[in-house]
Peer 1: 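There's a structure below that I have some questions on.
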Amino acid sequence: MRLASFGTAVDSTKPLNFTFDGMACQGLAGDTVASALLAAGVRVVGRSFKYHRPRGIWGHGSEEPNAIFDVSCGIDREPNARGTTTQLSEGLRVRSVNASPNASRDTYGLFDAFARFIPAGFYYKTFMWPDWQRFEPRIRAMAGLGCIDKVWSPKSFSRQVNSTCDVLVVGAGRSGLAAASRAAKDGKSVMIVDEGIEPGGTLLYRSRLIEGVSASDWLCETLIELERRDVRMLSRATAYGVYDHNLVCVSELKGGFAPPDLWRIRTSEIVIATGAIERPLVFPNNDRPGVMSAASALFYLRRYGVRVGERVVIASNNDSTGEIANAFRDAEAKVIEVAAVKDVKGRHGIEAVIDSEGRSIAADALLVSGGFTPTVHLYCQNKGRLRWSESHAAFLPGKPVEGMRVVGSAAGDFGWTVSAAWAAKPGKTRAWIDFQNDVTLKDLAQAARENYRSVEHVKRYTTLGMATDQGKTSNLNGLVAMAALTGRSIAETGTTTYRPPYTPTSLMAFTGVRHGELFNPVRRLALEPEHRAAGAVFREYGGWLRPAAYGSDIQAEALRARETVGIFDGSPLGKIDVIGPDAGALLDFNSYGTISTLRPGRLRYGFMLQETGIVYDDGVIARVDEYRFVVSCSSSHVQGVYQRLEEWRQDQFDPSRVYIHNATPRWATLTVTGPRSRQLLKELDLGLDIGLAELPHMAFVLGSFEGGPARVARVSFSGDLSFEVSVPLSKAVLLFHAMRRASTPLGGILLGLEAMMILRAEKGYIVIGKDTDGLTMPHDLGHTGPRDKRTDEFVGRRALFTDWAMGRDRRQLVGLAVAEGEAALPTGSHGIERVNGKLRSVGYVTSSYFSPTLRRPIALGLIERGAARQGDTVKFQYLGREREATIVAPCFIDPEGTRLHV
Amino acid sequence: MQLISCPFCGLRDETEFRFGAEAGKRRGTASSSAEEWANYLYFQGNPKGQTREIWVHLACGEFFMLERDSMTHEIHQSYCIRKEDQK
Amino acid sequence: MIRRRSHYSAFTLFKEGLLGQVGWQPTWASPEPKPAYDAIVVGGGGHGLATAYYLAKNHGLPNVAVIEKGWLGGGNTGRNTTVVRSNYFYPESVALYDFALRLYEGLSRELNYNIMLSQRGMVVVAHSEFEMEISARLVNAMQINGVDAELFSREQVIEIAPAMNARPDARYPIFGGVWQSRAGVARHDAVAWGYARGASHLGVDIIQNCEVLDFIFEAGRCCGVVTSLGEIRAGRVGLAVAGHSSVLAAKAGFQLPIQSYALQAMVSEPVKPVLDTVVLSLGTGTYVSQSDKGELVFGGGLDRIPSYAQRGNPPLQEQVISGLVEMFPAFGQLKLLRQWAGIVDIVPDSSPIIGPSPLPGLYLNCGWGTGGFKAIPAGGWLLAHLMAIGSHHEISRPFDLGRFTSGRLIDEAAGSGIAH
C-alpha cells in the first residue's frame, strides 16, 4: 500500500501504467518494478526454480533472488530482469518467469508436494535407464527462467569508454562519499561508481546524524562539494570486475532497453565502499511471500512510500531493526518484534508468524535481518583473503591488497551489533538457504552426509549460490550451516571463489561496436569501387575482400586469360623491403633457398620454413640492388613474414646492418597475364623496354607511371607470360583505367581470383595452406635442393632431418587425373586403401577444378609416397562414394615452360 | 588487462605485446642431436611464479626481456636484450 | 577392499524420499593416507580419478591413492564447457577420442552415476567455400576412420540452430558445416564424482587437500611422493595435473613441451531452451551450448599471456562475447552470469602426452590443453594401462613424449583446420 506522506524517490503526480502477468497495474514515476508491485499489493511475483514455490520480493537491490521477470515494451525486451533494479516505464509489460500460466496460479506448483523425492542432486541418481537423453528434453523445458526472442537482433550498441583516475570509489554511500571527498580535497582525480539510481546508499533511507547534521543534509552538502571538485559520479553503474593491474570494469545502465555502457577504468587506488547485504534468517518456510529483508522494507517505505504490511512482525539478530520498527509504527502499522521465528503460515503470502514460544501472531509481513554480509567481491577478485570475524558474524577483508582499500560496512563497520543466531539442525520442515535455486538446510545436510563437504562441492552438488543472484543472500548462511553440519569452524570451511561479474551484466556491454563488419574488419582494396563498377563479385580471402569473379562464368574468364590477356588485382601480395649490408644474409637465413646469390634485377621463388621444418609461406624475392631486396609473400602472411624477419633480424644479426620495412599498404599491384600481356603493357607509358631480352622471366625493372615509380616484375602465377606492375596507391586508379583501355582491343578481360586459382592449378602452382598442410615440408613439394645441398644454417634446417622428416610415408604433392568424361574429384576427397580389411586414408585432394584449357578435370593432392607413384591408380572416397584417379605429375599444362619464356 | 613496460615505449596495454619465448635458450643447429633440437624447439620450464621471457612490443617491433610472475601477474622489470641498447 | 555404497536408481531415490534422504552412503570415502600404495595418481581431476578407477577395475590394483591438492574435480574438470566429441582428422586422434566417447556412452550405467551425457550433436560451422572444402576433408577423414560425420549444408545448419545469424551478408555467413551426431555435452562434475565413487567403492583411497611437494627418488627411480601430509610411497606414480604438469615435472627433474595459459569460460543467465546442439565457429572464434539448467555455456580462444592465474582477462572476454552475439544476435538479450578460467597445458601440436616420463616409475598424462574433458575415460584407461603393465596401450603409443624428438607430431589444427 502506498502512503501519501512518504516516498522521496517517486513523483506522485506522474502515474505510470504497466501490466504484471497481464493484469493492469499503476505505479509512479521513479518506481522500480519491485516498488510498483509492492505498492499494487502484488505478493506472489514469481516461482522458485525447482519446487515452483510462490515467492515474493525479498530485497531492494542486485541481491534480489525472487523478483525475476521478463519485461518488454513494444519490440524491446529483457529476459530475467531483476524487479528491484529495473525502473518502471509507461506501458511496461512485466511477466513472471518459471510460472505457467502466471505467478499466483502455477501448474507446476504441485512439484513442491513431491519435494522429498527430488532432493539435492537427485538427477545424478536416476534417469540412467535407458539413457539420460530420454528424459533430458522435458527437464530442459522445465528449467531456465525467462524466454528470449529468437529473432531479436541488436538495434543499438554500447559505448565503451576507457578512463583513468587516481582514486576510484565503488559505492556512493556514506563511507564512499567520505573517502571520495577526502581524496578530492587532497587534489586527486576521483571517480565514483554506484549501483543505485541516485547516490547515497543507506543515507537515502536510514536516519542518523553525521558530523552533527542529518543524513540527508550531509548527503546533499557532500554531493555539492564533490561536484565542485569535479568528481565524476556514475549512477546505476556496477563495478563488476577487477582485473590485472587495477583495471576496474564498470557497466553503466542507460535506462530503458538501451545496452549499458562499459567503462574500463585504470586507477592507482580502488576504494571499496560497497556496503553490506542483509541476510535472511534461516527458519522453516522462510521463503514465503511476505518474508522480507527488514532494511529493504524500510527502503520501500521511505523511498517509495510503500508500506509492505499492516501487521508487521520483525525478527532480527542485531540492533538495526529498532529504527525500522519505529518507522512502521509511524506509518501506522502494527509492529511486533520477536526473538525468533519457528514457522510461517500462509502459502501465497504470510498470514501468521509462529514465534519461538509457539504463539501464532497474525501478520501480513515478516521483516527479518539475519546480519550483514560485507560486499567484498572486488576485494576477493583482486586476490584478497577474507578472515572470519565472530563478533561481526561475517567474513571481513583480511590483509590489505596493494592498490585497494575497503571501507565502511564492506570492512565490517556496520554501525550495528550483530549476535549470530544461526540455524539449528535441519528439522522436519524445510528452511531455505538459497531462495532462487531452492536449496534448503536439508539439502546441505544430505550433501554433508554424502561427503560433498568442500564448499565448492556443496555449491556444485546442491547448486547453492549458483542462481542469478549469485548467492549474495545465501552463501554465508550456506557455509555456516555446512560448518555446523560437518563439525568444522566457519573459518576452516571457507568461502567459494568470487567470480566476476558482480551482478549479471548485459552481453551487449561487452560487444561495443564489434558487430557485423566491425566485428573483424576486412581489408579493402584501393580499387574496390573500380572493381565493383566492372561487375566484380567480392569474397573474402585471407582477410581481404577481393574480386572473386567478374560475372558468373569463371571458366570463360580463365580461358580468355589463357588466350588473350587478363588483368588481376594482386595488391594484397606482400611487399616487404629488406635493406642493408646484411640483407642478403638475413634472407638466406630465413629462406629455404639461398637468396644472396641473386643478381640485382632478378627474382627468385622460394619457401620460408618454420623452425619445425614445415613450409610457412612461399613467395618471390626480388633483388633491387646490392643492399636492397623486396619480399613478396602471400597476402594473409604479410604480418607473419614481417614479424619473423624482424625476430631473426634482432636475434641473429646486427640490427644496424639490416632493416625491414613493410611497404605492402603503400603499393597497388595489377598483374597482366596471358599471351597478349606484353602487347597490353606496351600501350602503357612506363618508360621501359619489356622485350624478352630486356626483361626475361624472373626479372624486374623499375620504371615510372604518371610521374611516380612503377615496378614491373616478370613473374607468373598462371603459367603464362605475366607482368606484375606495382605503383603507389595514388596511381592505382589511373593504372587500372590505362590497363583496361589497352586491354579492350586485345580481347582482354578482368580476371577474378577464382579464375586465377584455376590457371595456377593447371600449371601446378600451389597455394600454401590449401595445397599444403601443417605437416608439409619443402621436399614433399619436390623442392629437395637446399635440403640436400645447403651447408649454411637456415630456419628449420635441422627439422628437415628428423626421423619423421626423412620417413618413407610422407604425403607428397601430386597431380591427379580422372578417366575421360568423369567429373572433377571433389576437393577434400581422401585417397584410401584397405589394410587388414581396415580403411585408411593415404592423403587427400587439395585443389580440384575443371580445366578450361584442357577441357577435362584436374586436381592436386597430398598423397603418401606420391612422388614415386606416378601412374598408380588410387581409390578416392568422398562422403561415402568411391572414385578412382591416377597419380600424375603436378603440372598439367606446359611443363617445359614455353609459354613463360616468350 | 595487464600493463607491460616496453623498454623503448613505456607502459602499454598487454594487447600491444606478443609473448615470444622463455629466455636463455640457445638456438639449435644442423649439428644438434635430435634431443638437443627437440629441447630447443619444444621443451621449456614453464615456471609458475618468476619468469624471464622474451617479448615483442608489436607497436615498435622491438624484442625485449621481461621478468614477471606468471602466478600473480606482477611485472618486475623489462630491459633491452642487446648490450649496446642498455644505455 | 570393497567399500559399501548406495545403489542409485529411481527406486532407491523413492525409498530415501520416504525415509527423509538420510540413508545415503558417502559418495566417496575420505580416509587418512597410508604410508605406501601399489600406485599413486597425482591429481584428483577427471583423468586422475578415472586412472585410479581403471587401475582397480581393469588391472585388479585397488591399493591406489589419488592425491589432490584441493578438492576433487576443482581444476579443469570443473571448469570446462563440458563438450564431448571425436571429430578429429588423424587416425591416431580418432582412435583416442572416439575410444573416450565410446566409454562415455556407457559410463552412467557402468558407474551407476548419471553423468548426463547428452549426445545432442555438434556442428562446426564453415563460413566460406574454402572452409567447406576443409570441412569435407575432415568429414571424409572421420568417415574413413569409422566415426559418424556428416557434411551439413547451409540449410541443415540453420535448421539445427535456428537462432544463428543466417543473413547472407553476415560478416561470417553460413556455408555449411561438419556435423557429428554423437558429440554433445556431459555434466562435468558428475564425471569426477562418478569416477571418485567408483574408485572409492573398489578400494581406492582418495586424499583431498594434500599437496605433492616433491618426489621420492631411489636409485634413479621415482618411489613415491612427499606431500603436505607426509611421505607416501609407491612403485608407480602417475601424473594427471594438466596445467601444473610443468611444475611437478621440474620437481622430478625434467622439462615438458608445455606452456600454461588461462582459458576462459562463461555462462549466461538461464533461459528456456534456445539452442539444442553444440555450435563451434572458427570465424567468430566462439563455441556455445545450452546447459540443462538453461544457461548458455560458451568460450573461445586462449588468453594471450602464459599464466597460472585462474582468472580471465577483459580483452578476450569482449572478443568471445562479441563473437557469440555475432553468431547468435538474439543472445544479445542475455546477461553474463559468471566467468572463470582454467589453466590449460598447451603442447606445440595440441595433442596430449601419454607415456613414461624421463624419470623411471613416473608416468605422464598431460598436454590435453583445451580439450581434456572429452578424453577423460580414455586418458584414465590408458594411463592405468601404462602404470599397470609398464608399457603403452596401442592407442597411447603415438602420444608418447618421444614424438617431439622423432618429429612425428600429431597436429590436428594443421590437418583439419579445427583448433582445439
Side-chain angles (χ1 to χ4, degrees), chain A residues 79-80 116-117 119 122-128 132-133 136 139-141 143-148 150 152-154 243 249 446 449-451 454 456-457 460 468 499-501 504-508 510-511 514 516-517 519 773-775 802-805 827-828 830 832 839 841 844 877-879, chain C residues 8-10 13-14 17 21 24 26-28 30 71 74 91 108-109 113-114 116-119 133 136-137 140-141 143-144 151 163 171 189-190 269-274 292-294 313-314 317-318 321-322 325-326 329-340 406-408 411 414-415:
Chain A
N80 297 343
R116 57 163 57 188
F117 302 112
F122 70 97
Y123 29 77
Y124 298 128
K125 296 190 171 102
T126 181
F127 304 133
M128 285 177 266
W132 165 243
Q133 269 170 279
E136 190 187 31
I139 289 179
R140 280 191 68 199
L145 294 173
C147 297
I148 66 166
K150 285 188 196 176
W152 183 94
S153 65
Y243 299 92
C249 288
Q446 186 197 330
R449 202 175 298 126
E450 295 189 88
N451 204 15
S454 145
E456 291 286 353
H457 287 154
R460 287 151 183 266
T468 62
R499 303 190 195 283
T505 304
S506 167
L507 294 186
M508 293 299 292
F510 298 90
T511 61
R514 291 183 214 86
E517 187 170 339
F519 172 68
D773 65 21
L775 302 178
T802 62
D803 292 348
W804 177 71
T827 302
H830 278 252
I832 50 169
L839 213 54
S841 164
Y844 53 86
Q877 181 169 318
Y878 186 82
L879 303 182
Chain C
Y8 292 166
S9 68
L13 194 64
F14 178 74
Q21 309 286 351
W24 300 113
T27 314
W28 59 85
S30 293
W71 39 282
S108 290
R109 288 203 294 275
Y113 199 104
N114 188 1
M116 300 188 194
L117 176 69
S118 168
Q119 292 180 292
E133 289 176 3
R137 186 199 288 182
N140 288 318
Q143 291 180 347
I144 288 165
L151 186 65
R171 176 67 183 85
D189 291 327
E269 290 190 335
V271 284
K272 294 290 176 197
V274 288
D292 288 331
K293 203 179 163 192
N313 208 355
Q317 266 160 40
E318 291 175 19
I321 293 173
S322 302
V325 177
E326 186 60 25
F331 293 176
Q333 294 163 85
L334 291 170
K335 299 189 203 81
L336 179 70
L337 179 62
R338 253 194 320 279
Q339 169 273 318
W340 66 92
S406 71
R408 180 65 183 99
D411 194 342

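Residue numbering restarts at 1 for every chain, and letters A, B, ... go by the order of the sequence lines. Atoms considered below: every heavy atom in the structure, side chains included; atoms not considered: hydrogens, waters and symmetry mates.
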Peer 1: Using non-hydrogen atoms only, which part of C/L334 is less than 4.5 Å away from chain A: side chain, backbone, both, or neither?
Peer 2: both
Peer 1: Which bit of A/S454 comes within less than 4.5 Å of chain C, counting heavy atoms only: side chain, backbone, both or neither?
Peer 2: side chain
Peer 1: Within the structure provided, determine whether C/W71 and A/R460 are in side-chain contact (heavy-atom separation under 4.5 Å).
Peer 2: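 Counting from C-beta outward, C/W71 and A/R460 do come under 4.5 Å.
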Peer 1: Closest approach of C/D292 and A/W132, non-hydrogen atoms and distance?
Peer 2: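 Nearest pair, atom of C/D292 first, then A/W132: OD2-CZ2, 3.2 Å.
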Peer 1: Go through the atoms of C/Q333 and report whether side chain, backbone, both or neither lie under 4.5 Å from a heavy atom of chain A.
Peer 2: both
Peer 1: Roughly how far apart are A/T511 OG1 and C/I321 CD1, rounded to 0.5 Å?
Peer 2: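 Nearest 0.5 Å value for the OG1-CD1 distance: 8.5 Å.
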Peer 1: Answer with side chain, backbone, both or neither: which region of A/Q877 has an atom nearer than 4.5 Å to a non-hydrogen atom of chain C?
Peer 2: both
Peer 1: Answer whether the closest heavy-atom distance between the side chains of A/L145 and C/V271 falls below 4.5 Å.
Peer 2: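 Contact flag for A/L145/C/V271 side chains = no.
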Peer 1: Where does the angle between the aromatic ring planes of A/F117 and C/F14 fall among parallel (under 30°), tilted (30 to 60°) and perpendicular (over 60°)?
Peer 2: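 Ring orientation, 0 to 90° scale: parallel.
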Peer 1: Determine whether a donor-acceptor pair (N or O, by modelled atom type, separation under 3.5 Å) exists between the side chain of C/N114 and the backbone of A/K125.
Peer 2: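 Between the backbone of A/K125 and the side chain of C/N114 there is no qualifying donor-acceptor contact (under 3.5 Å).
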Peer 1: Going from CZ on A/R514 to CD on C/E326, what distance comes out if it is rounded to the nearest 0.5 angstrom?
Peer 2: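 Rounded to the nearest 0.5 Å, the CZ-CD separation comes to 11.5 Å.
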Peer 1: Side chain from CB out, backbone as N, CA, C, O: work out which of these in A/F127 comes under 4.5 Å of a heavy atom of chain C, or both, or neither.
Peer 2: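 A/F127 touches chain C through backbone and side-chain heavy atoms alike.
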Peer 1: Sort C/D189 into side chain, backbone, both or neither according to what part of it lies under 4.5 angstrom from a heavy atom of chain A.
Peer 2: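 For C/D189, side-chain heavy atoms alone lie under 4.5 Å from chain A.
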Peer 1: Examine whether an atom of C/V274 lies under 4.5 Å from a heavy atom of chain A, and if so say whether it belongs to the side chain, the backbone or both; otherwise answer neither.
Peer 2: both
Peer 1: Is C/P273 in contact with chain A via its backbone, its side chain, both, or neither, using a 4.5 Å heavy-atom distance?
Peer 2: both
Peer 1: Pick from A/Q446, A/H830, A/R499, A/M508: which one has the most heavy-atom pairs with chain C under 4.5 Å?
Peer 2: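 Option with the top pair count is A/H830.
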Peer 1: In terms of heavy-atom pairs under 4.5 Å with chain C, which of A/S841, A/S153, A/P501 leads?
Peer 2: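 Of A/S841, A/S153, A/P501, A/P501 has the most heavy-atom pairs under 4.5 Å with chain C.
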Peer 1: Relative to chain C, which segment of A/I832 carries a heavy atom at a distance below 4.5 Å: side chain, backbone, both, or neither?
Peer 2: side chain
Peer 1: Nearest 0.5 Å, please: how far is CD in C/Q339 from CZ in A/F510?
Peer 2: 8.0 Å
Peer 1: Do the non-hydrogen side-chain atoms of A/P154 and C/P329 ever get within less than 4.5 Å of each other?
Peer 2: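 Sidechains of C/P329 and A/P154: in contact.
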Peer 1: Shortest non-hydrogen contact from A/C147 to C/K272?
Peer 2: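 Closest heavy-atom pair between A/C147 and C/K272: SG-CG, 3.7 Å.
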